[in-house]
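Below is one structure, written out as C-alpha cells, with a few remarks after it.
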Amino acid sequence: MPRPSNLPLAEIGNRIRQIRGTLTLKKFSEKIGFDPSMIHLVEKGKTLPGPEMLLRIAEYSGTSIEWLLTGKTSNPADRVREDAGEYYA
C-alpha cells in the first residue's frame, strides 16, 4: 500500500504497540488474524497497516481507525488506556 506522506509510520506503530500491551506478538496476531511478522513491521514503523488490519485492530481494541492513524479522535470513548494489553487481553 503506498504511504501517504502525512502519515507518520512510527507513531502509528507506537499506537498499535500500545494496544498490544503485554501480549506477545504471537498472541496478538492470533487475536486479530494477521501474521506476527507483519504486525512487527507495522509496530517498527516499516510499513503502513492495510485497511483490514486497521479495522481488526480497531474492533479488537474498541478504538477508532481515526485514532490509530492520527492519535486524534472526535469520540473520547476511543481513547486507549495505558495498560491496554491487560485491559483487552
Side-chain angles (χ1 to χ4, degrees):
M1 167 179 235
R3 181 188 131 191
S5 60
N6 61 342
L7 291 177
L9 294 181
E11 291 177 24
I12 293 168
N14 286 338
R15 284 188 282 278
I16 291 171
R17 176 66 183 92
Q18 180 183 357
I19 288 170
R20 182 165 66 88
T22 58
L23 290 177
T24 64
L25 271 172
K26 181 176 172 32
K27 193 76 105 168
F28 187 62
S29 71
E30 290 169 359
K31 290 184 179 285
I32 66 166
F34 277 86
D35 189 83
S37 62
M38 183 61 181
I39 297 167
H40 175 76
L41 289 174
V42 169
E43 286 184 356
K44 293 295 181 188
K46 304 288 185 194
T47 190
L48 184 64
E52 184 66 26
M53 181 184 279
L54 288 168
L55 180 61
R56 290 187 192 181
I57 292 171
E59 288 174 347
Y60 166 77
S61 64
T63 191
S64 67
I65 292 173
E66 175 188 17
W67 182 84
L68 289 170
L69 292 175
T70 67
K72 299 173 185 172
T73 182
S74 54
N75 182 354
D78 288 339
R79 294 200 173 88
V80 177
R81 292 177 21 177
E82 286 296 319
D83 57 345
E86 292 176 27
Y87 184 73
Y88 297 116

Please, which pairs that meet ring-ring contact (aromatic ring centres under 6.0 Å, His included) have at least one residue in residues 9-30, sequence neighbours excluded?
-> Phe28-Tyr60
At what distance, to the nearest 0.5 angstrom, does CD1 of Ile65 lie from CD of Glu59?
-> 8.0 Å
Taken in chain and number order and not counting sequence neighbours, the residues that satisfy salt bridge (Lys or Arg N to Asp or Glu O under 4.0 Å) with Glu30 are Lys26
Which residues pass the side-chain hydrogen bond (donor to acceptor under 3.5 Å, both in side chains) test with Glu52, sequence neighbours left out?
-> Arg56
Side chain to side chain contact (heavy atoms under 4.5 Å, CB included) between Arg15 and Leu69, intermediate numbers included | CA-CA 8 Å; Arg15 284 188 282 278; Leu69 292 175; 5.6 Å; no
According to the ring-ring contact (aromatic ring centres under 6.0 Å, His included) rule, which pairs have a member within residues 34-55, sequence neighbours left out?
-> none
Contact list for residues 39-49, test salt bridge (Lys or Arg N to Asp or Glu O under 4.0 Å), sequence neighbours left out = Arg20-Glu43
Co-membership, hydrophobic cluster, residues Leu41 and Leu9, 4.5 Å side-chain | no
pair Ile16-Pro49: side-chain heavy atoms closer than 4.5 Å | yes
Exactly one of Val42, Leu54, Ile12 clears side-chain contact (heavy atoms from CB on, under 4.5 Å) with Leu48, and that residue is Ile12
Closest heavy-atom contact between Lys27 and Leu23?
-> CG-CD2, 3.8 Å
Do you know the tightest heavy-atom contact between Ser29 and Pro36?
-> OG-CG, 3.4 Å
Sequence neighbours excluded, every pair satisfying ring-ring contact (aromatic ring centres under 6.0 Å, His included) that has a member inside residues 7-26 = none
Could you tell me the separation between the CE atom of Met53 and the OG1 atom of Thr47, rounded to the nearest 0.5 Å?
-> 8.5 Å
